[in-house]
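Step one of this worksheet: look at the structure below.
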Amino acid sequence: MQIRAYHPDDFPIVSAWAEARNMILHPALLSPNGFVVTDDTGPLAVCWVYLIFDVPFVAIDNLFSRPGTSLKDGREAWAILWRTIKGFLSNLRDGQGEPIRYKYVRSFCRPELARLIKRDGWKVADRPSVQVLYEL
C-alpha cells in the first residue's frame with residue numbers, strides 16, 4: 001500500500017464510497033489536507049485533516065474505505081493514514097517558523113474502526129451519531 005495527497009479527480013470514487021454508507025460528501029467542504037491510501041487496484045481509503053486554529057485540536061473527517069475492504073486491509077490502511085497524519089501534524093509551522101502544537105485529534109467513525117483505534121490509545125465514546133448538513 002502507498003499513500004498520497006487527495007486530488008479532486010478522486011472525488012467521484014470517494015463520493016461513491018460515502019454514498020454507499022448513506023453519507024454526504026460535498027467538495028466545497030473538503031480540507032486541502034486530504035490523504036488517500038492506494039493498493040494495486042487503486043484508492044482504498046481516504047480522510048481529510050481539518051486544522052482548527054483557535055483551539056488545540058484537529059479533526060479527521062470523512063474517513064472512508066472502498067466498500068468491501070477486508071478487515072486486514074482496513075487495519076493496514078488506517079495504520080498508514082494515522083502514521084502520515086501524525087507526521088503531517090509534527091511538521092506544521094506558524095508564520096515565524098515555530099512549531100504548531102496540537103494536543104488532541106478528534107474523529108467520528110464507524111464502530112468497527114472505533115474498536116480498532118481504541119487499541120492505539122484513542123478514547124471512544126460509545127454513542128451513535130448522524131451526519132447532518134445544512135447549506136446556507
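Sequential numbering from 1 along the given sequence is applied to the chain's residues. What you see is a predicted model; the values in this text were computed from it and never measured.
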Please enumerate all residues that pass side chain to side chain donor-acceptor pair (under 3.5 Å) together with [X], with sequence neighbours excluded.
{"X": "Arg83", "answer": "none"}
{"X": "Asp10", "answer": "Arg4"}
{"X": "Ser90", "answer": "none"}

Side chains of [X] and [Y]: does their closest heavy-atom pair fall under 4.5 Å?
{"X": "Leu30", "Y": "Asn62", "result": "yes"}
{"X": "Pro67", "Y": "Glu19", "result": "no"}
{"X": "Val46", "Y": "Leu63", "result": "no"}
{"X": "Val37", "Y": "Leu81", "result": "yes"}

Connected via hydrophobic side-chain network under 4.5 Å: [X] and [Y]:
{"X": "Leu71", "Y": "Trp78", "answer": "no"}
{"X": "Leu89", "Y": "Phe57", "answer": "no"}
{"X": "Val58", "Y": "Val55", "answer": "no"}

Pro12: partners by side-chain contact (heavy atoms from CB on, under 4.5 Å), with sequence neighbours left out: none
Any pair counted as side chain to side chain donor-acceptor pair (under 3.5 Å), so long as it reaches residues 36-56, sequence neighbours left out: Asp39-Thr41, Asp39-Arg66, Thr41-Arg66
From Asn33 atom CG to Leu92 atom CG, the distance as rounded to the nearest 0.5 Å: 7.5 Å
Verdict with reasoning, Ser70 to Glu76, per side-chain contact (heavy atoms from CB on, under 4.5 Å): CA-CA 10 Å; Ser70 71; Glu76 188 175 343; over 6 Å; no
Criterion side-chain contact (heavy atoms from CB on, under 4.5 Å) on Met23 and Trp17, from CA distance to verdict: CA-CA 9 Å; Met23 302 289 286; Trp17 296 352; over 6 Å; no
Aromatic ring proximity, centroids under 6.0 angstrom, Phe11 and Tyr6: no
Non-hydrogen atoms of Phe88 and Leu51 that approach each other most closely: CE2-CD2, 4.2 Å
Closest approach of Gly74 to Thr69 (non-hydrogen atoms, all atoms of both residues): N-CG2, 3.6 Å
Which pairs of donor and acceptor atoms, one on a side chain in residues 98-109, lie under 3.5 Å apart (sequence neighbours left out)?
from, atom 1, to, atom 2, distance (Å)
Tyr102, OH, Ile52, O, 3.3
Ser107, OG, Ile60, O, 3.1

